[in-house]
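Here is the structure we will look at.
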Amino acid sequence: MAFQLKPDKKESENKTIRFPLPLIERIESEIEGKSVSFSSFVIQACEYALNELHKD
């Protein structure tokens, strides 16, 4: 299954994460013009990675 961006709001808790600047730039470039926040993108990317982690 391909990673697809979707707008979504869920109950959440704040966490502080440090990102390398080049990664921030890549993420911001991908979400530009879309109805997806930086946080939403990161959450969806993490969920996708965890779902795919043990699939081979």
Side-chain angles (χ1 to χ4, degrees):
M1 174 198 279
F3 179 65
Q4 296 179 350
L5 295 175
K6 52 191 171 205
D8 195 11
K9 303 258 184 204
K10 296 180 182 176
E11 185 177 351
S12 63
E13 179 179 330
N14 287 334
K15 294 288 182 184
T16 301
I17 302 172
R18 296 181 189 273
F19 288 90
L21 292 176
L23 180 57
I24 291 172
E25 292 168 0
R26 288 178 63 194
I27 293 170
E28 288 177 341
S29 175
E30 283 298 320
I31 64 175
E32 187 175 338
K34 299 182 175 100
S35 297
V36 178
S37 68
F38 186 92
S39 292
S40 180
F41 177 91
V42 172
I43 291 166
Q44 291 178 58
C46 289
E47 288 174 341
Y48 177 80
L50 289 170
N51 289 336
E52 296 295 316
L53 191 61
H54 297 291
K55 291 182 181 178
D56 283 344

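Quick caveat, the model's predicted, so the values are computed rather than measured.
In the hydrophobic cluster analysis, where Ile, Leu, Val, Met, Phe, Trp and Tyr join through side-chain heavy atoms closer than 4.5 angstrom, Val42 is grouped together with Leu21. Residues Tyr48 and Phe38 share a single hydrophobic cluster, defined by chaining ILVMFWY side chains whose heavy atoms lie under 4.5 Å apart. Leu50 and Ile17 fall into different hydrophobic clusters, where Ile, Leu, Val, Met, Phe, Trp and Tyr residues are linked whenever their side-chain heavy atoms come under 4.5 Å apart, directly or through other members.
Annotation: salt bridge (Lys or Arg N to Asp or Glu O under 4.0 Å) contacts of Glu47 (sequence neighbours excluded): Lys10. In this structure, the side chain to side chain contact (heavy atoms under 4.5 Å, CB included) partners of Ser37, at least two apart in sequence or on a different chain, are Ser39, Ser40. The side chain to side chain contact (heavy atoms under 4.5 Å, CB included) check on Leu23 picks up Phe19, Pro20, Ile27, with sequence neighbours excluded.
Sorted by first and then second residue, the pairs that involve residues 14-36 and meet salt bridge (Lys or Arg N to Asp or Glu O under 4.0 Å), not counting sequence neighbours, are Glu13-Lys15.
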